[in-house]
Amino acid sequence: MRRTLIAIMGVTASGKTAVAESVAASLGGEVVCADARQLFRDLELGTGKPTRDELAALPHHLFDLHELGEQPTAGRWALAAADVCESCFARDVVPVVVGGSGLYLNALREGLHPEPPKDASVRAALESECAASGVAAMHARLRSLDPGSADRLAPRDRQRILRALEVVQVGGHVLAWWRERPREAPLAAEWRAYELVCDPVALSERIEQRTRFMWESGLLEETRALVELGHESSLRRLAAIGYDEALDRLAGTIGASEAERRMNERTRQLAKRQRTWFRHQTLAERIAVASGADRAVEHILAGLHEPG
């Protein structure tokens, strides 16, 4: 168990955080966040982040890695997660990594193709030019510099177009060149990976229950407070489920019932994308959670005594 990492993944609303916390508590382990939205310290209810009491019950890591307005990447998270896991290994503690962001988990397990470092001044200049001339003009420039990326990206995919231009300008090579470089895994560990799976009908019910809980527990008030702190534009750019609907409610463009309906639908769509990713991109033992979290926890703990 000295360098064993437990990874618990699954689609949104599958109950993975509760399972991860129970496993970590049983082992004297520590929880490491691998959820792209829960990494933002300012986002609470709308991300399904553990409560303050849960965070205080045992060590949790990386649930406050980013501030709103920052641009997260799987590579940055993987390096931060690797540091946390190395700290756990040095103390003979088992890290329990939990989340639904498959790309992030793969970045830690297999590594990512290296990319040039970001350059804030270059990106700021590109953002300014895009605001002045429009995304279509930036896509046209990308076609002249990196035709392969231009062919792959939608003409209005502003964020990825600007990133591809930044890569060429900073690193001197097109994206395809960087992606042909070998992957570099940031952590050497024995992985015990588990995917929690839930019947679509049952999952839809869980999603609806969680959505109602978020609204009843103060999602609208949390969003209003973030707007008052000047974070509305950052929230809009993030396009996070729940916060988008709360912003629209605050703006008076939709009502409560439409916000709940839209949130449920977007969450189901997210779950479908996650399920497809895990099925095709991730190696993990699948555990049905229909019989409850306790059985999943028992199965995971029992499996730790078997050879990896």
Side-chain angles (χ1 to χ4, degrees), residues 1-35 38-39 48-51 53-63 74 77-111 185-199 202-203 206 274-275 277-308:
M1 293 289 291
R2 179 165 175 76
R3 290 188 66 84
T4 298
L5 176 157
I6 299 173
I8 299 174
M9 62 196 75
V11 303
T12 186
S14 59
K16 52 191 176 292
T17 300
V19 170
E21 288 178 332
S22 293
V23 169
S26 298
L27 297 173
E30 301 182 5
V31 178
V32 184
C33 178
D35 184 287
Q38 292 182 351
L39 297 173
K49 186 178 291 185
T51 66
D53 288 344
E54 290 167 341
L55 291 171
L58 74 163
H60 289 67
H61 301 278
L62 305 185
F63 285 87
W77 173 83
L79 291 175
D83 286 344
V84 170
C85 292
E86 289 290 3
S87 173
C88 289
F89 294 150
R91 293 178 283 114
D92 290 329
V93 169
V94 177
V96 181
V97 182
V98 57
S101 300
L103 179 63
Y104 282 47
L105 290 161
N106 279 11
L108 180 62
R109 190 174 194 173
E110 302 173 8
L187 179 72
E190 177 192 358
W191 278 64
R192 299 296 184 95
Y194 304 90
E195 179 193 350
L196 305 186
V197 295
C198 187
D199 173 81
L203 181 65
R206 294 171 71 120
Q274 290 173 316
R275 187 181 300 111
W277 175 278
F278 289 130
R279 183 182 302 122
H280 298 291
Q281 302 288 340
T282 304
L283 180 64
E285 180 181 348
R286 288 168 174 78
I287 304 175
V289 292
S291 55
D294 291 344
R295 293 292 298 275
V297 172
E298 292 172 3
H299 182 88
I300 292 168
L301 293 175
L304 294 178
H305 301 294
E306 301 173 358

Drop me the distance from T17's OG1 to E54's CD, to the nearest 0.5 angstrom. 8.5 Å

Using modelled atom types only, decide if a donor and an acceptor are shared between the side chain of Q38 and the backbone of G48 within a distance under 3.5 Å. yes

So NE2 of H61 and CG of L55: to nearest 0.5 Å the spacing works out to 11.5 Å

Is it true that E21 and H60 share a donor-acceptor pair across their side chains at a distance under 3.5 Å? yes

Main-chain N/O of F89 paired to R3 side chain as donor or acceptor, under 3.5 Å: no

State whether the side chain of R275 and the backbone N or O of V11 hold a donor-acceptor pair below 3.5 Å, judged by distance alone. no

To the nearest 0.5 Å, what is the distance between CG on L196 and CD on E285? 10.5 Å

To the nearest 0.5 Å, what is the distance between CH2 on W191 and CG on L108? 4.5 Å

So, using side-chain contact (heavy atoms from CB on, under 4.5 Å) as the criterion, who are the partners of A202 when residues are at least two apart? C198, D199

Strictly distance-based, threshold 3.5 Å: is any side-chain N or O of H280 a donor or acceptor partner for the main-chain N or O of F278? no

So how far is it from R109 CZ to T282 OG1, rounded to the nearest 0.5 Å? 7.5 Å

dist L304:CG -> T4:OG1 (nearest 0.5 Å) comes out at 7.5 Å

What verdict does the side chain to side chain contact (heavy atoms under 4.5 Å, CB included) test give for N106 and W277, after you've listed the backbone C-alpha separation in whole Å, the side-chain angles of each residue and the deciding distance to 0.1 Å? CA-CA 11 Å; N106 279 11; W277 175 278; 3.7 Å; yes

Those residues at least two apart in sequence (or on a different chain) that pass ring pair (Phe, Tyr, Trp, His ring centres under 6.0 Å) with Y104 are W77

V297: partners by side-chain contact (heavy atoms from CB on, under 4.5 Å), with sequence neighbours left out: V19, S22, V23, L301

Decide salt bridge (Lys or Arg N to Asp or Glu O under 4.0 Å) for E195 and R286; before the verdict, give the C-alpha distance in whole Å, the side-chain angles of both, and the deciding distance to 0.1 Å. CA-CA 5 Å; E195 179 193 350; R286 288 168 174 78; 3.0 Å; yes

Worked verdict on Y194 versus I6 for side chain to side chain contact (heavy atoms under 4.5 Å, CB included): CA-CA 8 Å; Y194 304 90; I6 299 173; 4.3 Å; yes

